[in-house]
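Read through the structure below, which is laid out as structure tokens, and then see the notes.
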Amino acid sequence: MTKPAQTPGGPAPLARPRAERARRPEQARLAAFWLEAAVLVLFLVASAAPTPLYRVYQARWGFSATTLTAVFAVYVVFLLMTVLIFGSLSDHVGRRPVIITALAVDTAACILFLLADGAGALFAGRALQGVAVGLAATALGAALLDLRPAGSLAPLVTSNAGTVGLALGALGTSVLVQYGPEPTNLVWWLLLGAIVAAIVLIAVLPEPGTVRPGALASLKPDVGVPRPARGTFARAAPCLVAVWALGGFYLSLGPSLAAQLTGSQNLLWGGVITFLLTGLGAVTASAFRNSAPIAVMLGGCLGLLGGAVVTVAAIVTRTPALLVAGTVLAGLGFGPGNLGAYRVIMARAAASNRAGMIAAVSTVNYLAFGLPALLAGVATSHFGLHDTALVYSAAVALLAAAAAGGVLFESRARTSEPQAAAPPTELPPGPCTIPPR
């Protein structure tokens with residue numbers, strides 16, 4: 001009988017299987033990471049899907065711009081409440097049960113949109129989407145940090161998966177609605193199939209987190225800004241409000257404004273401008289993620305200011321090309337503005353009050369995402385979209401200018417006192433980002 005071949009370095013045929021066995025858990029962990037990231041993108045794709053459809057629903061059921069933006073705002077309200085109340089739940093009951101629950105809620109939302117016969121169903125569907133994204137963003141964000149492989153693109157994925165989902169959802173849905181059959185149904189059937197598949201895949205994955213007691217105690221919201229950080233918070237808040245107020249406008253009334261300026265009924269216009277704003281925001285936030293927070297925030301403010309000024313010119317002259325240019329400039333400021341303002345604020349937070357500060361930033365972001373858009377809808381019903389968009393863009397410009405002044409003041413006010421600077425991989429919380437753990 002022939003003996004197994006030996007090599008000078010020892011029995012390689014036996015060593016290879018051991019190395020392969022050692023690599024298998026690492027490969028499984030990497031596969032789980034990418035699956036969780038894809039599921040997070042899916043949630044944000046679904047949350048952006050109604051944006052190109054708002055005009056279709058509005059024409060079909062004859063509701064006002066106030067109702068349109070209220071449908072958008074109810075999503076933000078339920079998202080904020082879910083994050084504040086259930087944001088830490090997966091730390092105690094595990095990631096997988098919370099993610100599967102979020103997927104089940106999103107399934108119900110898709111079914112509601114498929115069966116919708118009026119604005120009431122839209123309100124209910126958007127409320128469910130808010131709950132689903134609130135649960136998913138926190139649990140999936142924690143799971144991605146649990147699974148994150150070292151020395152890879154993981155930090156970029158965890159920080160930008162949500163924004164990429166918004167960009168892809170708005171653009172992809174506008175293409176399907178404009179050029180596909182059954183414009184109000186096809187996208188929801190596709191999303192429903194993807195969500196059901198995600199439930200199956202998540203169910204067979206091992207639990208990435210740990211289970212520990214204290215689930216009920218974790219449901220109590222912790223929101224607060226310590227006294228030493230209040231000045232910095234007040235100076236940076238206008239930048240956060242400008243960023244998310246602009247995002248809320250684009251995701252609600254943006255397609256209507258694009259249709260008015262272009263004179264075209266092609267729904268792709270609305271998807272393109274939303275894609276540019278959020279997509280460029282993700283790219284620029286990634287590019288400057290390791291830069292000085294003050295400089296990043298100032299650059300974001302200047303981008304938002306320039307974008308808002310060009311958009312004002314677009315509205316006044318009714319020039320579609322200027323709308324695209326203004327959106328590009330605003331998109332270049334969107335990501336850095338959010339990232340820089342968050343890190344400037346968190347540099348004033350001690351370890352003992354970081355959770356309350358993060359919740360406070362989240363509250364400002366979510367309220368800015370929904371409330372100004374709702375007020376714009378009310379104003380549009382009384383004064384028209386043209387004048388409302390003009391005032392809204394001017395308000396964003398003023399907020400960005402005020403925040404830029406705050407940056408300059410903050411840079412002069414900083415002294416050599418100890419500061420708890422946010423780690424460069426930590427993620428700013430927002431309506432399309434993963435809240436930090």
Side-chain angles (χ1 to χ4, degrees), residues 47-79 112-113 116-127 129-130 166 169-170 173-174 177-178 183-184 241-242 244-275 277-278 308 311-312 314-316 318 320 323 326-327 330 366-397 399 431:
S47 76
T51 294
L53 283 166
Y54 285 140
R55 284 178 54 220
V56 178
Y57 292 136
Q58 188 178 25
R60 179 173 295 183
W61 297 318
F63 53 75
S64 67
T66 301
T67 301
L68 186 157
T69 51
V71 169
F72 173 78
V74 76
Y75 160 79
V76 180
V77 170
F78 277 83
L79 173 55
L112 271 176
F113 281 114
D117 57 359
L122 300 185
F123 278 106
R126 287 299 274 168
Q129 282 192 323
L166 280 184
T173 303
S174 65
V177 174
Q178 181 63 42
T184 58
V241 174
W244 292 113
L246 187 64
F249 185 88
Y250 268 74
L251 284 160
S252 56
L253 292 172
S256 299
L257 179 62
Q260 185 180 91
L261 294 188
T262 61
S264 170
Q265 295 303 308
N266 193 316
L267 298 173
L268 189 57
W269 276 103
V272 166
I273 63 168
T274 305
F275 176 82
L277 181 75
T278 54
T311 301
V312 166
I315 296 168
V316 170
R318 298 179 184 271
L323 176 64
T327 302
Y366 288 119
L367 291 178
F369 195 50
L371 186 57
L374 176 59
L375 295 176
V378 175
T380 297
S381 298
H382 290 86
F383 306 107
L385 179 60
H386 180 273
D387 291 346
T388 299
L390 195 61
V391 173
Y392 200 102
S393 298
V396 169
L399 285 166

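The first residue of the sequence shown is numbered 1, and numbering continues consecutively from there.
- Here the side chains of F72 and F369 are in contact, with some heavy-atom distance below 4.5 Å.
- A pairwise comparison of heavy atoms in P52 and A170 identifies CG-O, 3.4 Å as the closest pair.
- Legend: side-chain hydrogen bond (donor to acceptor under 3.5 Å, both in side chains) pairs involving residues 248-266, not counting sequence neighbours, sorted by first then second residue: R55-Q265, Y179-N266, Y250-T327.
- Distance check, rounded to the nearest 0.5 Å: OG1 of T67 to CG of L122 gives 10.0 Å.
- Smallest separation of non-hydrogen atoms from V74 and A127: CG1-N, 4.2 Å.
- Nearest heavy atom pair, residue Q58 against residue S64, reads NE2-C, 3.5 Å.
- Nearest heavy-atom pair across L257 and L385 is N-CD2, 3.5 Å.
- Qualifying side chain to side chain contact (heavy atoms under 4.5 Å, CB included) partners for V316, counting only residues two or more places apart in sequence or in other chains: V312, L390.
- Here CG of L375 is found 12.5 Å from CZ of F249. Values are rounded to the nearest 0.5 Å.
- Under the side chain to side chain contact (heavy atoms under 4.5 Å, CB included) criterion, A70 pairs with F123, L374, sequence neighbours left out.
- In this structure, the separation between OH on Y366 and OH on Y75 is 8.0 Å, given to the nearest 0.5 Å.
- Taking V241 as the reference, V364, A368, L399 meet the side chain to side chain contact (heavy atoms under 4.5 Å, CB included) condition, with sequence neighbours excluded.
- Checked against side-chain hydrogen bond (donor to acceptor under 3.5 Å, both in side chains), R318 has no partners two or more places apart in sequence or in another chain.
- Atoms CG and CG, on L166 and L277 in that order, are 9.5 Å from each other to the nearest 0.5 Å.
- In this structure, the side chains of T51 and P255 come closer than 4.5 Å at one or more pairs of heavy atoms.
- Taking each heavy atom of A65 and S381 in turn, the nearest pair found is N-OG, 3.8 Å.
- Applying the side-chain hydrogen bond (donor to acceptor under 3.5 Å, both in side chains) test to every pair with at least one member in residues 385-396, sequence neighbours left out, gives no pairs at all.
- Using cut-offs of 30° and 60° for the angle between ring planes, the W61 and Y57 rings count as parallel.
- The line from CG of L261 to CH2 of W269 is 9.5 Å long, rounded to the nearest 0.5 Å.
- The shortest heavy-atom contact between Q178 and L267 is OE1-N, 2.7 Å.
- With rounding to the nearest 0.5 Å, the separation of OH in Y54 from OG1 in T69 is 9.5 Å.
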